[in-house]
Structure formats: C-alpha cells, structure tokens
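Reviewing the structure listed below.
Heavy-atom basis, side chains included; hydrogens, waters and symmetry copies ignored.
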Amino acid sequence: MIVDFNLIEPLSRYHLLAQTVIPRPIAWVLSINEDSSLNLAPFSFFNVMCSDPPLLVMSIGKKPGGDMKDTRRNLLSGREFVVHIASIDNVEALNDSATVLDYGESEVTANSLPLSDFPNCPLPRLKQCHIAYHCKIYDVHQVGPNKQAMIYAEILQLYMDDSVVEYSDNRYTVDAEKVNPLSRLGGSHYASMGEIISLMRPK
C-alpha cells in the first residue's frame, strides 16, 4: 500500500505518522504557570538533536479549541523547565497528565505526584523518574498553517538516579534496563523497552 500524503488530510497524516514512527521517546515536561502552579504534560513528537550545544526538540501544537497548550505558553515565556524520561512504572500517571485542564490547574497536584529538589534549577523534578533534564529555550520554529511549535530546548543540567548510572574511565554508562523507559506507539498504545541487542559498530 502506498499513501500519498498530498491526498489525505492533516489528521490522517498525524495518525499514520504516530503509528509508523515507532517507538517514540516521551518528553514528560514540567513547567511553571504564570501563577506559580506547576504544569505537567507528555509529548511524544520528541527527540535529542545535538550535543554541542546540547539540544532536545519537541513539537507542541494547540488545544482542541485552537488555544495555545499550557506547556507551550509556559516555555515561550522564557521560564526554565524540566524534561523527564518516564519509566514503564509511570505509564498511568503519565497518561493521566495528558488530561486537558484549565490554565493554572496543576496535573502534579491532581495526580498527587511526589517531587524532589533539583539543585540550581528553579523547578523541582518528579521524584519517580530516573532521568530529568533542566532546560531553557534555545530556539523556536513555527511551521505549517496551524503554527506548530518546534521547540529547541538547551540542556543546562542532567539528573540521573545513582541506581541507573556508573562512572569509570571518564565515561558515564547508563543502564537502560534499569531506566526501563516508556515509549509511545499509535493510538492509546505504549510500550516497554523489551529485549536489548548489542552490536559493535563497523569501523
């Protein structure tokens, strides 16, 4: 089957992309609202883009009614934020945090999620996540007729739980099995990591 993207609607393109670009990592983004309450939302159009400068990229659209999503509003303000990598143990809380709430209502409070201090960061981090990035906006590109925001996030600090990382010979090694990252598929489907296959890179 061949699907010509020029002949189908944007929503159909979205569903096909979400079901074929799989699995996708999920950015679980904690940001601060204008009233100092905390906003939390997941985004799976997300990945790492560069190491110098260290950049993550997220695609953030709009709410169903066309208003700006709360996370996008908070990030575009220039305030710093935290991007978490969720584990499979976080799947229900992560899914619940995707609920559309009024601006100023906190998903952290609504889901009773515990927080931990993130030194030198104006925000805390989610206690249950093994990995968290303290970020600030690096650049924003708005693309398409609906002005989808491609947000480039510069990493200022990386938190890694001691249980998932080792340091030797001037190198950090993260145990992916211990992180057990949650990934996104299409529709209402998520996935755990599954089997790890190790192969040496060709020279």
Side-chain angles (χ1 to χ4, degrees), residues 23-48 54 56-60 63 68-137 151 153-167 172-185 188-194:
R24 296 187 307 282
I26 304 169
W28 205 7
V29 184
L30 183 73
S31 62
I32 190 165
N33 297 319
E34 292 168 2
D35 63 0
S36 297
S37 61
L38 295 175
N39 178 268
L40 181 67
F43 299 92
S44 69
F45 278 30
F46 157 73
N47 219 311
V48 62
L56 306 173
V57 67
M58 296 174 284
S59 173
I60 303 181
K63 294 181 179 180
M68 191 178 296
K69 285 190 174 181
D70 299 345
T71 300
R72 177 171 170 174
R73 176 175 170 178
N74 292 340
L75 270 54
L76 292 181
S77 73
R79 293 187 288 270
E80 294 170 19
F81 53 98
V82 180
V83 176
H84 301 83
I85 300 298
S87 73
I88 191 68
D89 297 332
N90 308 141
V91 62
E92 290 188 9
L94 180 140
N95 188 60
D96 289 343
S97 72
T99 302
V100 178
L101 301 178
D102 291 335
Y103 188 75
E105 290 188 49
S106 176
E107 293 81 3
V108 174
T109 302
N111 294 286
S112 302
L113 297 174
L115 301 170
S116 287
D117 183 50
F118 200 159
N120 301 313
C121 178
L123 293 174
R125 58 176 176 80
L126 296 174
K127 186 175 183 179
Q128 63 213 69
C129 291
H130 295 304
I131 295 173
Y133 304 92
H134 169 201
C135 299
K136 68 175 183 178
I137 285 284
I151 294 179
E154 181 176 0
I155 301 167
L156 303 177
Q157 297 185 94
L158 166 61
Y159 164 80
M160 297 177 288
D161 189 274
D162 291 342
S163 67
V164 303
V165 63
E166 294 184 357
Y167 183 75
Y172 296 96
T173 302
V174 177
D175 189 324
E177 285 187 310
K178 290 180 179 178
V179 176
N180 198 10
L182 179 65
S183 61
R184 192 75 168 94
L185 305 176
S188 59
H189 303 300
Y190 294 86
S192 57
M193 184 173 57

Keeping [X] on the side-chain end and [Y] on the backbone end, is there a donor-acceptor pair under 3.5 Å?
| X | Y | value |
| --- | --- | --- |
| Ser183 | Ala191 | yes |
| Arg24 | Ser44 | yes |
| Ser106 | Leu38 | yes |
| Asn95 | Glu92 | no |
| His134 | Phe118 | no |
| Asp35 | Ser37 | yes |
| Arg184 | His189 | yes |
| Arg125 | Tyr159 | no |
| His130 | Val179 | no |

Closest non-hydrogen atom pair between [X] and [Y], with its separation:
| X | Y | answer |
| --- | --- | --- |
| Leu75 | Ser31 | CD1-CB, 3.8 Å |
| Phe81 | Ile137 | CE2-N, 3.8 Å |
| Glu107 | Ser97 | CG-O, 3.7 Å |
| Pro42 | Trp28 | N-CD1, 3.9 Å |
| Ala153 | Met58 | CB-CE, 4.4 Å |
| Gln157 | Cys121 | NE2-N, 4.0 Å |

So, Thr71 and Asn39: side-chain donor and acceptor under 3.5 Å apart, yes or no? yes
Side-chain contact, heavy-atom cut-off 4.5 Å: [X] with [Y]?
| X | Y | result |
| --- | --- | --- |
| Asp89 | Gln128 | no |
| Asp117 | Pro124 | no |
| Cys135 | Leu56 | yes |
| Phe46 | Val29 | no |
| Asn33 | Asn74 | yes |
| Asp175 | Val165 | no |

In terms of relative ring orientation, are Tyr167 and Tyr172 parallel, tilted or perpendicular, with 30° and 60° separating the classes? tilted
I'd like to know whether Tyr133 forms a side-chain contact (heavy atoms from CB on, under 4.5 Å) with Ile85, so could you lay out the CA-CA distance, the side-chain angles of the two residues, the decisive distance to 0.1 Å, and finally the verdict. CA-CA 9 Å; Tyr133 304 92; Ile85 300 298; 3.9 Å; yes
Return the [atom1] to [atom2] distance between [X] and [Y], rounded to the nearest 0.5 Å.
| X | Y | atom1 | atom2 | answer |
| --- | --- | --- | --- | --- |
| Glu34 | Arg73 | CD | CZ | 4.0 Å |
| Leu101 | Asp70 | CG | CG | 8.0 Å |
| Glu154 | Glu80 | CD | CD | 10.0 Å |
| Ile131 | Leu158 | CD1 | CG | 7.0 Å |
| His84 | Asn90 | NE2 | CG | 9.5 Å |
| Leu182 | Ile26 | CG | CD1 | 4.0 Å |

Looking at Lys63, I want to see if its NZ is surrounded by more than 12 non-hydrogen atoms of other residues, nucleotides or ligands under 6.0 Å.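 Count over threshold, so yes.
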